[in-house]
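Structure, as structure tokens:
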Amino acid sequence: MNRIQELFQQKDKNVLNVYCTAGFPALNSTVEVMKALQDNGADIIELGMPYSDPLADGPVIQASGSCAIANGMTIEKLFEQLQGFRKATAFGDGGGIYVPVILMGYLNPVLQYGFEKFCRHAADLPIDGLIIPDVPEYEFETEYGPVMQRYGLNFIFLITPETSEERIRKLDSLSTGFLYAVSSSSITGTDKDFSAVEKYLQRLQGMQLKNPVMVGFGIKDKSTFQSACRYANGAIIGTAYIKAVENSTDIAASTKAFLSSVLEK
Amino acid sequence: MSNTTINTTSSPTAILNDGGEPGYTFPNSFGYYGKFGGAFIPEMLHRNVEELRNRYLEIMQEPSFQQEFNDLLRDYVGRPTPLYYAKRLSEQYKTKLYLKREDLNHTGAHKINNAIGQVLLAQRLGKKHIIAETGAGQHGVATATVCALKGVECIVYMGVKDIERQAPNVARMKMLGAKVMPAASGSQTLKDATNEAIRHWINNPADTHYVIGSVVGPHPYPDMVARFQSVISQETRWQLKQQTGSELPTHVMACVGGGSNAAGAFYHFLDELSVQLVAVEAAGHGVNSGMSAATTQLGKPGVLHGSKSLVMQTADGQVVEPHSISAGLDYPGIGPMHAHLFDSGRGTFLSATDEEAVQAAFELCKLEGIIPALESAHALAAIKEMKYKESDVVVVCLSGRGDKDLGTYMKYM
């Protein structure tokens with residue numbers, strides 16, 4: 001059992017997963033951002049590996065990725081930055097990163113790094129899971145899944161309101177860690193009427209899935225976070241957090257202000 | 001294979017057969033040509049792509065579909081396009097050169113073959129909106145044209161840089177009633193227009209069909225587009241038989257960006273191993289200049305726009321910005337069918353620089369009175385790289401006409 005399963009055993013409601021882009025806003029801000037997220041209430045960190053052609057992301061996250069690439073971020077650089085990030089001495093003031101960390105990215109950069117080498121190095125750090133949205137289930141089952149499983153990495157599939165019940169069950173059986181429920185069939189950062197999403201989440205709730213369900217896309221503040229948590233185990237914030245730190249001169253303070261506004265009672 | 005049996009007595013109509021053994025012509029059921037292809041798509045696209053995959057062959061088999069497709073190709077597009085024996089060009093290169101005149105199609109390029117096929121297919125899928133990406137603007141114009149013909153809403157994504165260098169085609173699309181959306185991200189060319197079109201589809205999945213213009217994208221797009229373009233080689237076989245007594249040439253040459261005209265020109269010769277298939281990529285300023293779009297020379301296996309193929313990229317897997325004088329070849333990938341032809345050695349891959357393409361275009365004007373598109377000029381430029389026998393029969397796919405490129409050509413006068 002790894003950190004993701006442990007987390008959901010201890011906490012199955014209001015789980016907050018926050019997305020950040022590695023190497024953004026500055027090349028060396030990656031772990032500083034992660035620490036600020038952990039210190040201010042993020043239960044899971046989804047760390048984005050920047051890619052030139054991020055089809056499933058919206059303009060804000062793409063711009064953060066372009067900035068990170070221009071800053072010099074690569075998978076190799078990221079693994080260097082993450083060396084020892086779990087150690088109690090990682091930040092000098094006691095306490096490394098202990099929350100689950102999931103790497104999110106697109107297949108092409110991972111293939112160039114070498115898929116098996118990537119999984120081995122990620123597991124060594126250790127990273128807890130992967131989200132690679134352009135790996136569909138056929139490729140997962142025939143090619144990539146067994147490698148991830150060999151290194152004990154969770155793989156999280158996405159489902160959408162358009163995913164059939166049969167397919168949701170299939171993806172639930174393949175996923176480990178949690179299922180990523182896209183709140184509407186849309187790219188990240190898009191505003192949609194959230195009430196339309198509730199029916200879909202209620203349907204998922206009634207399906208008795210094997211995995212916890214985390215809702216992503218369109219979660220941007222206290223109100224959308226709470227609405228999502230009413231029907232799921234938690235929610236994922238991406239674009240809204242990137243906006244909160246993109247022009248920040250004090251990452252710790254901006255992160256604190258943003259997460260407090262989301263989590264205030 | 002059934003598709004290579006050509007009716008040689010009457011003018012051909014497009015054969016849209018229902019499949020065959022995986023190989024050079026057909027991918028396997030997961031969309032793979034050898035090591036290349038597949039459908040690497042996020043879940044948000046699954047339903048639309050799956051629906052297409054489940055239904056494209058069945059719809060293409062419907063007699064009413066085939067009737068409408070073939071009627072439009074004949075009466076609206078003007079097919080069959082001539083196979084023209086280029087006498088003076090042949091004398092110049094001491095062989096027999098035939099030009100397959102896709103430039104004489106309505107809208108000026110081969111792109112209309114696929115646009116008609118996909119829009120008719122989208123209507124049978126019950127789709128109300130059409131989106132497309134375009135590089136040179138030829139696919140955008142073709143799609144806008146068919147949408148006007150069918151009264152369907154059309155949105156075309158086009159890179160900001162391409163909007164500037166292909167202004168006449170932007171005006172044509174607008175006049176035809178399409179909405180042209182500028183793609184301002186990344187390199188602002190075809191790759192980014194494709195990204196934006198895919199994003200639009202993710203955001204608006206209901207009732208929308210994405211008309212991809214080349215043999216790229218997730219399965220079944222490469223196979224579907226190749227089938228719609230296969231009419232090019234089907235006619236070529238029939239016309240060669242009429243003109244030379246033999247259906248088979250010794251060579252077929254075509255330019256390749258994503259590779260749709262090459263896929264169409266090669267299609268019915270893919271399993272005729274005596275026919276040498278020559279694909280010509282855009283070398284830009286030179287293959288090793290850092291300003292090139294010669295994907296098979298510079299690319300590595302990777303995943304772009306939903307399929308595994310050869311992709312021009314950095315060592316870290318970031319897709320690079322290619323360069324070609326021709327917007328239609330300015331793409332850092334290549335269709336999986338072509339990656340397989342390259343990888344297996346079935347295809348011969350050459351490249352032509354910007355300068356060589358322009359010279360070849362002027363040569364064709366001078367010798368034959370035909371102004372070719374810059375894309376097609378790359379195929380013409382490779383003629384001088386080949387060693388032919390006098391008895392060889394060489395078919396060059398003249399994929400489009402050069403009206404849209406006059407601004408570029410005028411700089412060389």
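This is a predicted model, so every value here is computed, not measured. Residue numbers start from 1 in every chain, and the chains themselves are labelled A, B, ... in the order their sequence lines are given, proteins ahead of strands.
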Salt bridge check: are A:Glu116 and A:Arg150 linked by an N-O gap of less than 4.0 Å? yes
If you take the centroid of each ring, where Trp contributes its six-membered ring, are B:His323 and B:His285 closer together than 6.0 Å? yes
Whatever's closer than 4.5 Å to a heavy atom in chain A on B:Pro218 counts as neither
Aromatic ring proximity, centroids under 6.0 angstrom, A:Tyr180 and A:Phe157: no
Using the ring centroid of each side chain, check whether A:Tyr106 and B:Phe40 are separated by less than 6.0 Å. no
cation_pi(A:Lys243, A:Tyr241) dist<6.0 Å, angle<=45: no
Please confirm whether the ring centroid of B:Phe30 lies under 6.0 Å from the ring centroid of B:His219. no
In terms of heavy-atom proximity below 4.5 Å to chain B, should A:Pro50 be classed as side chain, backbone, both, or neither? backbone
Choice from A:Leu158, A:Val110, A:Val135 maximising heavy atom contacts with chain B below 4.5 Å: A:Leu158
Would you mind checking which part of A:Ile69 comes under 4.5 Å of any heavy atom in chain B, side chain (CB onward), backbone (N, CA, C, O), both or neither? side chain
Honestly, the part of B:Glu50 sitting under 4.5 Å from a heavy atom of chain A is neither
Scored by heavy-atom pairs under 4.5 Å with chain A, the best of B:Gly302, B:Gly306, B:Gly38 is B:Gly302
In terms of heavy-atom proximity below 4.5 Å to chain B, should A:Glu76 be classed as side chain, backbone, both, or neither? neither
Need one label for A:Ile132: side chain, backbone, both or neither, based on atoms under 4.5 Å from any heavy atom in chain B. neither
Does any heavy atom of chain B fall under 4.5 Å from the side chain of A:Tyr138, the backbone, both, or neither of them? side chain
Sub-6.0 Å ring centroid separation between A:Phe140 and A:Phe155: yes
